[in-house]
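Chain A is the first sequence line, chain B the second, and so forth, proteins listed ahead of strands; every chain is numbered from 1. This is a predicted model, so every value here is computed, not measured.
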There are 2 protein chains.
Amino acid sequence: MSNQPGHRDRKKAATRQVISDVATRLFVERGFENVSIDEIARETGVARKTVFNYFPRKEDLVFDREEESRELVRQALAARGGQPPIRAFQTLMRALLEDRHPIFRINQRPIRFWRTVADSPALVTHARKLQGTLADDLAGMLADAAGKPPHDPHARLAAAMLMDTLVIAYGEALRAFREKRKPAAAFADVMERGFAGVNAALAGTVYV
Amino acid sequence: MSNQPGHRDRKKAATRQVISDVATRLFVERGFENVSIDEIARETGVARKTVFNYFPRKEDLVFDREEESRELVRQALAARGGQPPIRAFQTLMRALLEDRHPIFRINQRPIRFWRTVADSPALVTHARKLQGTLADDLAGMLADAAGKPPHDPHARLAAAMLMDTLVIAYGEALRAFREKRKPAAAFADVMERGFAGVNAALAGTVYV
DNA sequence: GCAAAACTTGCACTGAGTGTAACAATTTTC
DNA sequence: GAAAATTGTTACACTCAGTGCAAGTTTTGC
C-alpha cells in the first residue's frame, strides 16, 4: 500500500497543497489581510495549528518557491568552468529568458498573483524581504566562487544590483504585457542595462 | 504661558522623546523581540495606547528619521540647475560624505544601533522595507525631474542601484571602523563603484 | 472663565504565532 | 500481523501587536 515516497509523505504533500490552494484562492478573492488563518483552516478542514505546522508565517502561504531560483543559480555557478562568476550568472539569466523558463513566464497567472501582492502592504514587505535574502545568498555564492570572504562588499554590490535588475525587469515585463507591448523585449531592455551597469561597477575585480 | 510652539506641542514632543528613549534603551539592553509595548508604556509611565498613538508600529520606535534624508534629496533635486538628476544626486552624496554630514556619521553610536537591528529579524526586515520605499521615492523624484512617468523603469533601476550603493557603502564603512581601517575611504570606494555602475546602466538616457 | 479641540486613558476585541500534551495514524521491528 | 516506536494532528491555553471606541483630562482660543 506504499511505494518509494511512502503513504505518509504523499498525504503530507497533499495536505500542504490543499492548504496552499485554499489560501491562495481566498487571498486572491478577498485580499491577504481580509482572510484569517482560522478561516483557511476551517475551509481546508484541518486544525489551525496544522496550518502553522506547514507554513510558520502567514506570508509563507503565498511565497513558498524561493528555493527553486536559489538552486538554479547555485548550479550555474558550480558549473561555470573558468568564467568569472558574474558572467556566468548573466549567461544563465539570458538563457532562462531565451528559453522561456517558467520562472520568468508572463501571463494572466503571475499578473493576478502580483496584483494580489501589490494590494497588500504585508506582502509587499515580505516580497522585499525575500529579494533581500536572495541578494544576500547570491552575494555569498559570488564571493565564494571568487574565493573572497562572504561579506565582500563588491560581491554584495553586484548581487544587490543584479537582483534589482531582475526584479525591475520582471515588473516591467508584466506592465508591458498588460499594455500589449512585447514583454520579452521590455525585460531584455532593463536586464541589459542593469547588466552593463553591474559590469561597469565591478570592472577590474575578479568577479567580472 | 506659551510661546511659538505652544505648551501642548512641547509636551507632546517631550513625551514622544521619553517614550523613544526608554524604548531604545530597553531594545539595546535586551533585544527588540524581548521587550513588549506594555513594558515600554509601564516604564515610561504612560498608557499602552499612548505609545501606539505616537508610534503606530513597534518598529517605528526604532526608525523614525527617514523623512530627513528624503527632504535632503528633494531639495538637491529641486536646486540642481541644468544638471541631469542622477548627476545632481551623486554630487549631493559626495558632498555629504566630504562634509561629514551626520547622516553618514560613523562612530560607536550607529555601530551599537545597527548591531541591535542586525540582531532582530523583524528590524532587519523593516530596514529593508524602508530602503525599498526610499528607493521608490527616489525613483519618483528622478522621473519627475526628468519629465518621465513615475513608474519609468530606468528611474526605478537607477534609484534601486543608488540606494543599494549607499546602504552597502555605509555598511562597509561601519565594518572598516570596527576593523580600524579608514571608514571614509571604504565608503568612497563602494560609492564610486556604484555610481560608475549606475552611470553606465543609464548611459544615453535623460537621467545622466 | 467657558466651550471647543486635542490628547490620554481604559476596555474590550481580533488575529498571528507559540508551547505543550494528548491522541491518532503510519512505519518499523520481530 | 501485532506490538512498539515514530511522526503528524489536534485541542487548549497563552502572549503580544494592533484597532476601535467612548469617557475623561488638558490645552487653547475667545
Side-chain angles (χ1 to χ4, degrees), chain A residues 1-20 22-24 26-27 29-64 117 120-127 129, chain B residues 1-20 22-24 26-27 30-64 120-127 129:
Chain A
M1 201 189 268
S2 55
N3 49 0
Q4 284 295 55
H7 184 193
R8 178 177 248 152
D9 292 308
R10 277 188 290 114
K11 257 182 91 168
K12 275 183 65 176
T15 305
R16 185 193 170 84
Q17 193 58 48
V18 175
I19 296 174
S20 172
V22 168
T24 303
L26 293 178
F27 289 156
E29 276 173 20
R30 316 214 311 269
F32 184 74
E33 356 271 335
N34 303 319
V35 180
S36 74
I37 304 275
D38 265 309
E39 215 172 337
I40 295 167
R42 217 178 315 121
E43 194 102 348
T44 312
V46 100
R48 200 177 95 94
K49 193 69 212 273
T50 301
V51 177
F52 280 113
N53 282 348
Y54 285 98
F55 305 92
R57 342 231 85 196
K58 196 183 177 188
E59 287 86 354
D60 297 333
L61 283 159
V62 177
F63 300 101
D64 60 336
V117 172
S120 155
L123 288 183
V124 170
T125 297
H126 197 252
K129 168 177 161 176
Chain B
M1 198 189 269
S2 55
N3 50 0
Q4 283 295 55
H7 184 193
R8 178 177 248 151
D9 292 307
R10 276 188 289 116
K11 255 182 93 168
K12 276 183 64 177
T15 305
R16 184 192 172 86
Q17 193 58 48
V18 175
I19 296 174
S20 172
V22 168
T24 303
L26 293 178
F27 290 155
R30 315 215 311 270
F32 184 74
E33 355 272 334
N34 303 320
V35 179
S36 73
I37 304 276
D38 264 311
E39 214 172 337
I40 295 167
R42 217 179 313 122
E43 194 103 348
T44 312
V46 99
R48 199 177 95 95
K49 193 69 214 275
T50 301
V51 176
F52 280 112
N53 282 347
Y54 285 98
F55 304 93
R57 340 232 85 194
K58 197 183 176 189
E59 287 86 355
D60 297 333
L61 282 159
V62 177
F63 300 100
D64 61 336
S120 155
L123 289 183
V124 170
T125 296
H126 198 252
K129 168 177 160 176

Minimum-distance nucleotide (side-chain atoms of A/Lys58 versus C/dG17, D/dC16, D/dG18) = C/dG17
Atom CG of B/Asn53 and atom P of D/dT25: how far apart are they, to the nearest Å?
-> 17 Å
Would you say the side-chain atoms of A/Ser20 pair up with the backbone N or O of A/Arg16, donor to acceptor, closer than 3.5 Å?
-> no
Look up atom OH in B/Tyr54 and atom CG in B/Asp60, then write down how far apart they are to the nearest 0.5 Å.
-> 14.5 Å
Using a cut-off of less than 4.0 Å, is there contact between a side-chain N or O of B/Arg57 and OP1 or OP2 of D/dT19?
-> yes
Quick one, which residues of residues 40-52 of chain A touch DNA chain C with a heavy atom under 4.0 Å?
-> A/Arg48, A/Lys49, A/Phe52
With B/Ser120, which of B/Glu59, B/Glu33, B/His126 fulfils side-chain hydrogen bond (donor to acceptor under 3.5 Å, both in side chains)?
-> B/Glu33
With sequence neighbours left out, what residues match B/Arg48 under side chain to side chain donor-acceptor pair (under 3.5 Å)?
-> none
Side-chain (A/Asp64) to main-chain (A/Leu61) donor-acceptor, under 3.5 angstrom | no
Do A/Arg8 and C/dT27 have a side chain to base donor-acceptor pair shorter than 3.5 Å?
-> no
Taking only the side-chain nitrogens and oxygens of B/Lys11, find out if one of them lies under 4.0 Å from OP1 or OP2 of C/dC7.
-> no
Over how many whole Å does the gap from A/Ile37 atom CD1 to D/dT10 atom C1' extend?
-> 16 Å
Nearest-Å distance, NE2 (B/His126) to P (D/dA17)?
-> 15 Å
Just checking B/Tyr54: base, sugar-phosphate only, or nothing, at a heavy-atom cut-off of under 4.0 Å?
-> sugar-phosphate
